[in-house]
Number of protein chains: 2
Amino acid sequence: MHHKQTLMPANSQQSESNHPFSAEERQHAIGQLVQDEGRVVTQKLVTRFGVSRMTIHRDLDALAAAGLVRKVRGGAVPATDAIQPAAPRTATCAMCNLPVSDRSVMMIHSRSRGKLCACCPHCGLMMLGNLDDVEAALARDFLFGRMVNAFDASYVIDADVRLCCVPSTICFATAADAERFQRGFGGRVTTYATAQALLHAGHRKQL
Amino acid sequence: MHHKQTLMPANSQQSESNHPFSAEERQHAIGQLVQDEGRVVTQKLVTRFGVSRMTIHRDLDALAAAGLVRKVRGGAVPATDAIQPAAPRTATCAMCNLPVSDRSVMMIHSRSRGKLCACCPHCGLMMLGNLDDVEAALARDFLFGRMVNAFDASYVIDADVRLCCVPSTICFATAADAERFQRGFGGRVTTYATAQALLHAGHRKQL
DNA sequence: CGCGATTGTAACATAATGTAACATGAAGCG
DNA sequence: CGCTTCATGTTACATTATGTTACAATCGCG
């Protein structure tokens, strides 16, 4: 009796509700939604698909059991998503797909794309240059291992230490540290802005 | 429910445009804020997230329980030790009992005492000097993070980088790396034997 | 020092959400 | 036809997140 799809006016906005979904189709659609939007809200799925709260929960259970999503209170997020407070040890770089080294990791918080992980400042800076809704960006200071504001940090580019991607880009909390490192291992000490420009120029050159 | 979210338009009931924050996300955001800005003020979090004072307090309680922040009157500051939230930081140094930093860890295999963990080469070398049945000793190369044979490694003692115990003792896979590091950050480049002697001499002097 | 303002916290209330147990109705199958 | 199975709905209850209130603890200031 509550099956809205049978009662829907023809001009209804909720296109999906016009035809009844099989369980499989609905679950597949939910999985897509999670991937596309980063997060789904149970209550919205209830109205969107015109099924009961329990049914949505069962769908999410099935998706979670299949490892496709992770249930959170109120909805679900992508299984790979790292809303978790813990740093994703098994994460791969959102830019180059290499496994993320704990030593050089960068974390970027984008409003639209959530929490992104970069294997090293090279990839991290590239990503930052391509995002326009960054809420925060943190890079790991090479010397002390602390996370620092990526925009305030200093970087040594192309030092004789190849940690990850090339040209090697190493993050330091202070310009003084970067300079001392450069004295020993070469490379060029830059601010965030300069590093950003250099890396992007280098990549464009290749095109 | 009628709480006065003076900062947000009243029409946004649950809209993700303004407050996509579930409890989990909000706590995560707060944790990042603490790391990023060094300190957060409870009252500002209340207005920023549009939740009650109690809710913010509970968030901070949760973050503090997880060891991610330390509550202070009026807000929270980064937990001094916990830069890395996850990780098996259960290990403590067999010499000084400090939690073992993944960055500078040394592993010593003793026939009689089994596998011992040192927080840094300082403690590791001290332990090695006191053990007579060592099967193997590995230290983490500071530059690349690889484990190297502690007896073949080079060490920079008393550089201007205080990572763990004092006098700071930093391990490098090669003498060349140690020298380049010394060029920037000072200290003295030594072999295993020399570092060993220096550290023990320093400690005996205190007695 | 006392006093007011701010902050921390405990206790309770409430709404939203999660979940288990049972009911229903359709489809398939002997 | 009756039976089973499956997806779903309904109901009831547990759990969680949050707000509200009251009060204690602390700070700042005259």
Side-chain angles (χ1 to χ4, degrees), chain A residues 1-8 14 16-31 33-34 37 39-66 68-77 79 83-85, chain B residues 1-8 10-16 18-31 33-34 39-66 68-77 79:
Chain A
M1 63 176 245
H2 287 143
H3 285 233
K4 294 184 181 148
Q5 63 264 36
T6 64
L7 306 176
M8 271 298 170
Q14 309 186 17
E16 283 83 359
S17 297
N18 282 335
H19 61 295
F21 267 58
S22 74
E24 193 182 357
E25 290 169 321
R26 189 183 55 244
Q27 287 174 15
H28 186 256
I30 293 175
L33 273 178
V34 172
E37 305 186 2
R39 172 178 168 204
V40 293
V41 174
T42 305
Q43 192 50 51
K44 291 194 176 178
L45 297 177
V46 168
T47 60
R48 170 160 191 167
F49 292 103
V51 296
S52 75
R53 206 158 55 93
M54 248 342 271
T55 298
I56 294 297
H57 273 293
R58 289 192 266 249
D59 288 342
L60 295 181
D61 283 340
L63 288 166
L68 298 177
V69 308
R70 184 169 63 90
K71 282 185 84 172
V72 297
R73 186 178 174 83
V77 295
I83 295 294
Q84 286 287 15
Chain B
M1 188 171 14
H2 51 74
H3 47 109
K4 58 299 167 168
Q5 336 229 34
T6 58
L7 289 191
M8 40 186 309
N11 63 356
S12 72
Q13 175 73 306
Q14 165 83 319
S15 151
E16 45 274 280
N18 271 310
H19 286 286
F21 289 101
S22 68
E24 189 184 4
E25 291 167 318
R26 189 184 55 243
Q27 287 173 16
H28 187 256
I30 292 175
L33 271 178
V34 172
R39 178 193 153 105
V40 294
V41 175
T42 305
Q43 192 50 50
K44 292 192 178 178
L45 297 177
V46 168
T47 59
R48 167 160 189 166
F49 292 103
V51 297
S52 74
R53 204 159 55 93
M54 255 330 279
T55 298
I56 293 297
H57 274 294
R58 287 172 182 131
D59 288 342
L60 295 181
D61 282 342
L63 289 166
L68 298 177
V69 308
R70 188 164 57 88
K71 282 184 83 171
V72 297
R73 184 176 175 84
V77 296

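Below, read A as the first sequence line, B as the second, and so on, with proteins coming before strands; counting in each chain starts at 1.
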Could you state the CD1-C1' distance from B/I56 to D/dT20, rounded to the nearest angstrom?
16 Å
Check whether any side-chain nitrogen or oxygen of B/S52 sits under 4.0 Å from OP1 or OP2 of D/dG19, and answer yes or no.
yes
Nearest-Å distance for atom pair CG/P, residues A/D59 and C/dG18:
13 Å
Rounding to a whole Å, what distance do you find between B/L45:CG and D/dT18:C1'?
16 Å
Grab the CZ-P distance between A/R39 and C/dT17 for me, whole Å please.
10 Å
To the nearest angstrom, the CG-C1' distance between A/L60 and D/dA7 comes to 16 Å
Please tell me which of the listed nucleotides, D/dG19, D/dT8, C/dT19, lies nearest to the side chain of A/R26?
D/dT8
NZ/NE/NH1/NH2 to OD/OE distance under 4.0 Å, A/R70 and B/E24:
yes
For nucleotides 20-22 of chain C, print each protein N/O atom paired with a nucleotide N/O atom at under 3.5 Å, atom names and distance only.
none

In the structure I gave you, are the side-chain heavy atoms of A/L33 and A/R48 within less than 4.5 Å of one another anywhere?
yes
May I have the distance from B/H28 (atom NE2) to D/dA17 (atom P), rounded to whole angstrom?
17 Å
Side-chain N or O of A/T55 closer than 4.0 Å to phosphate OP1/OP2 of D/dG9
yes
If the condition is side chain to side chain donor-acceptor pair (under 3.5 Å), which residues does B/T42 pass it with, not counting sequence neighbours?
none
So, OP1 or OP2 of C/dT9: does either fall under 4.0 Å of a side-chain N or O from B/K71?
yes
List the residues meeting salt bridge (charged side-chain N to carboxylate O under 4.0 Å, His left out) with B/K44, not counting sequence neighbours, and say none if there are none.
none
Of the non-hydrogen atoms in A/V34 and A/V77, which two are nearest, and what is the gap between them?
CG1-C, 3.5 Å
B/D61 has an atom CG; how far is it from atom P of D/dA17, in whole Å?
13 Å
Tell me, yes or no, whether the heavy-atom count around B/H57 atom NE2, taken from other residues, nucleotides or ligands under 6.0 Å, exceeds 12.
yes
Please write out each protein N/O paired with an N/O of nucleotides 3-7 of chain C under 3.5 Å, distance rounded to 0.1 Å.
unit_1	atom_1	unit_2	atom_2	d
C/dT6	O2	B/R73	NH2	3.0
C/dT7	O4'	B/R73	NH2	3.1
C/dT7	O3'	B/G74	N	3.2

Contact check, side chains of A/Q27 and A/L68, non-hydrogen atoms, under 4.5 Å:
no
Could you work out, with side chain to side chain contact (heavy atoms under 4.5 Å, CB included) as the rule, every residue matching B/A64, not counting sequence neighbours?
B/V69, B/K71
Applying side chain to side chain contact (heavy atoms under 4.5 Å, CB included), can you list everything that pairs with B/R73, at least two apart in sequence or on another chain?
none
